[in-house]
Amino acid sequence: MSATIPLPYMLDFYPLEDEKFTRIHQFFTNLKAGKFTTTRCKKCSTILWQPRVVCSECFSTELEWIELPKEGELFAYTAMVLGAPLGMEKEVPFVIGIVKLDGIDLKILSRIDDVKYEDCEIGMRVELKVIRLEDERVFYRFKPK
Amino acid sequence: MRKVAIVGGGLAKFGIRNATWKELAQEAGKAVFDDVKNLAPKDIDSLFVGAAQPERFAFQTHVAPMAAEQLGIFPTRVVARTELACASGQAAIRYAWACIASGLSEIALCVGVEKMNIPNMAEAQTSMTNVLDREWDGVHGASAPPYFAMCAQRHMKEYGTTREQLALVSVKNHHFSTTNPFAQFQKEFTVEKVITGPVVAPPLTLFDCCGITDGAAAVILTSAERAKEFTDVPMYILGSGQSTIGNLVTNLKSLTTWEPLKVAAKEAFKSAKITVDDIDLAELHDCFTISEIIEYEDFGFCKKGEGGKFIEEGQSNIGGKVAVNTRGGLLGTGHPLGATGIAQAIELLQQFRGDVPKERYVKGAELGLTHNLSGAANMHSVMIYGRG
Ligand SMILES: [Zn+2]
């Protein structure tokens, strides 16, 4: 699926993913391969979400990539009906939720694709979905499992 | 640390204004100098400009010098713009307070300005979405309404809060705003009108959400020793607290207990040497109806989970436990981001002076607080004010 967005950089929500622009480009390379990853500190073992280049617990720069669970359940959800930003106005209404990932103390906010608001419920099982932008960038969302 | 007072305030009308950022700044500046006797722009040594997003809404940065120019002010001590999204206005007061308390500044002007109504509202929504972590949360199309909608959903599930109880916050605050000629909204609302309004992000309708508002507000601060030169009823800053847990939406463990608010409130009460039970007036950050309900609880005006009951019983109305948002709150007056925290302080000042319409006057009030949150409720600021 192609998802948007021919907008100038200052109105484009999606991060620049290339190694020319970010030191966490590995996250996006992994995502392209279907892997949902983040960084873990080798020194203090803290799992850092979002991915970092410096550990915010101990300031170590020795971080490693780990895979996150790709499934979880809906902790809360709503829909964007009125007030979507540029580039997303045509997609309303769309579901937004907070996903509690399986087996780890981590919640992630995400668009929930392929489902209507009326058909969602708290506790609904969801799984990772990788979307591809027109310019080859990728991003993550979740969808019902 | 010197004791600090607010000695005057002035507002520009809030609403969809046929006016630019600079013009709104001029209006609030004139209003504050009209309010404070024995004071001219040349007496101001420091200027703090609360402005959340002028670079997005007005395509303009470097706004503190611009405001100085509009108001004929030539500061000699501190010039700064304060940005803290929806709490930018209170941030200006906090910086001015710190500078006067330390002795760095003698007389400071805080002016908060936001111009938010622009021809393309989707562009405005884009700018509000980037208050959240743009790359990780905003990118999903989230912004404030969906976040607070999820808080409402969880509060209803965890504590049995009802749709009607949420609506009652909007009804109360829109009622108060009909007494406030500076407010964006001047109409009474009913529970039914709120519930059946256009859906923004379920369960929230348009009337659970504060408006997109142009407006400006200004206050003047000086030391307690000098305050009586400028007013008979100064308002003293007695304490404050502020806390944040970062910006990512999911940093907060719970959507229904805002830990940084509890931390900021505890520090504010401790530094003012009072308890929540001493507060007569509270200007709470009712960006959404659910916000005010959670704030009753996390400040400790009522027990956790009983915020819905608190509004239902009229405990947040005049004559209840605490009068909340007597100027009309953000829901009734609108929310020009940089101006809101300053407008809240002006309401307390005018209440203490007995300078508000009798329909919203809280007679004998001695202590009040103002509260602002920003982002996904992950930053909270509290100021405690006392009548001079
Ligand atoms: Zn570490």
Side-chain angles (χ1 to χ4, degrees), chain A residues 3-5 7 10-17 22 24 27 38 49-51 56 74-101 105-113 117-118 120-123 131 133 137 139-142, chain B residues 55-56 59 120-158 197-206 208-209 211-212 246-256 288 290 376:
Chain A
T4 54
I5 280 184
L7 289 169
M10 287 207 308
L11 291 168
D12 176 2
F13 284 96
Y14 289 90
L16 297 173
E17 303 177 351
T22 176
I24 60 158
F27 173 82
T38 194
W49 175 259
Q50 51 199 245
S56 55
L74 265 190
F75 175 74
Y77 66 93
T78 183
M80 171 61 86
V81 182
L82 272 180
L86 280 176
M88 301 186 194
E89 314 105 297
K90 292 197 185 81
E91 299 165 27
V92 297
F94 53 81
V95 178
I96 294 168
I98 290 177
V99 175
K100 189 183 175 315
L101 294 181
D105 183 19
L106 181 61
K107 295 195 198 91
I108 290 177
L109 181 131
S110 178
R111 184 88 75 94
I112 311 296
D113 271 354
Y117 170 78
E118 293 75 20
C120 294
E121 58 184 338
I122 288 177
I131 59 156
L133 308 184
R137 284 181 292 169
F139 212 71
Y140 63 91
R141 292 179 183 178
F142 281 79
Chain B
E55 47 278 272
R56 302 290 294 203
F59 197 21
N120 181 348
M121 283 316 291
E123 242 185 279
Q125 297 294 353
T126 306
S127 294
M128 290 305 292
T129 304
N130 73 6
V131 172
L132 302 182
D133 188 309
R134 187 262 302 166
E135 295 178 318
W136 299 86
D137 288 340
V139 66
H140 292 285
S143 58
Y147 172 74
F148 289 92
M150 289 191 281
C151 294
Q153 180 188 50
R154 291 296 310 187
H155 207 275
M156 293 163 97
K157 179 184 164 68
E158 291 171 25
V199 173
V200 172
L204 304 181
T205 74
L206 193 57
D208 288 292
C209 309
I212 304 240
N247 199 34
L248 211 62
V249 165
T250 45
N251 288 348
L252 279 174
K253 292 279 175 228
S254 161
L255 293 180
T256 53
F288 298 88
I290 183 61

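Here is how names work: the chains are called A, B, and so on, in the same order as the sequence lines, proteins then strands, and each is numbered from 1.
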_Top contributor to chain B contacts, counting heavy-atom pairs under 4.5 Å, from A:I122, A:L106, A:I108_ = A:I122
*Can you list every pair that meets salt bridge (Lys or Arg N to Asp or Glu O under 4.0 Å) and has a residue in residues 131-148 of chain B, with sequence neighbours left out?*
none
_Note, A:I96 side chain near B:Y147 side chain (heavy atom, < 4.5 Å)_ = no
*Atom of A:Q50, atom of A:T38 and distance for their closest heavy-atom approach*: C-OG1, 3.9 Å
*chain A heavy atoms under 4.5 Å from B:V249: which part of the residue, side chain, backbone, both or neither?*
side chain
*To the nearest 0.5 Å, tell me how far B:E123 CD sits from B:Q125 CD.*
11.5 Å
_Please rank A:S56, A:S110, A:A84 by heavy-atom pairs under 4.5 Å with chain B and give me the top one._
A:S110
*Which bit of A:F27 comes within less than 4.5 Å of chain B, counting heavy atoms only: side chain, backbone, both or neither?*
side chain
*Pick one of side chain, backbone, both or neither for A:F75, based on which atoms fall under 4.5 Å of a heavy atom in chain B.*
both
*Contacting region of B:P145 [heavy-atom separation from chain A under 4.5 Å]*: neither
*Short side-chain to backbone donor-acceptor contact, A:Y77 and A:C120, under 3.5 Å*: yes
*Which atom pair, heavy atoms only, marks the closest approach of A:L74 to A:G97?*
CD2-CA, 4.1 Å
*Quick one: which of B:K157, B:H140, B:M121 has the most heavy-atom pairs under 4.5 Å with chain A, could you say?*
B:H140
*asked:* Is A:A79 in contact with chain B via its backbone, its side chain, both, or neither, using a 4.5 Å heavy-atom distance?
replied: both
*Mind ranking B:I212, B:L206, B:L255, B:N251 by heavy-atom pairs under 4.5 Å with chain A and telling me who comes out on top?*
B:L255
*Answer whether the closest heavy-atom distance between the side chains of B:W136 and A:W49 falls below 4.5 Å.*
yes
*asked:* Between A:F94 and chain B, with a heavy-atom cut-off of 4.5 Å, which part of the residue counts as in contact: side chain, backbone, both or neither?
replied: side chain
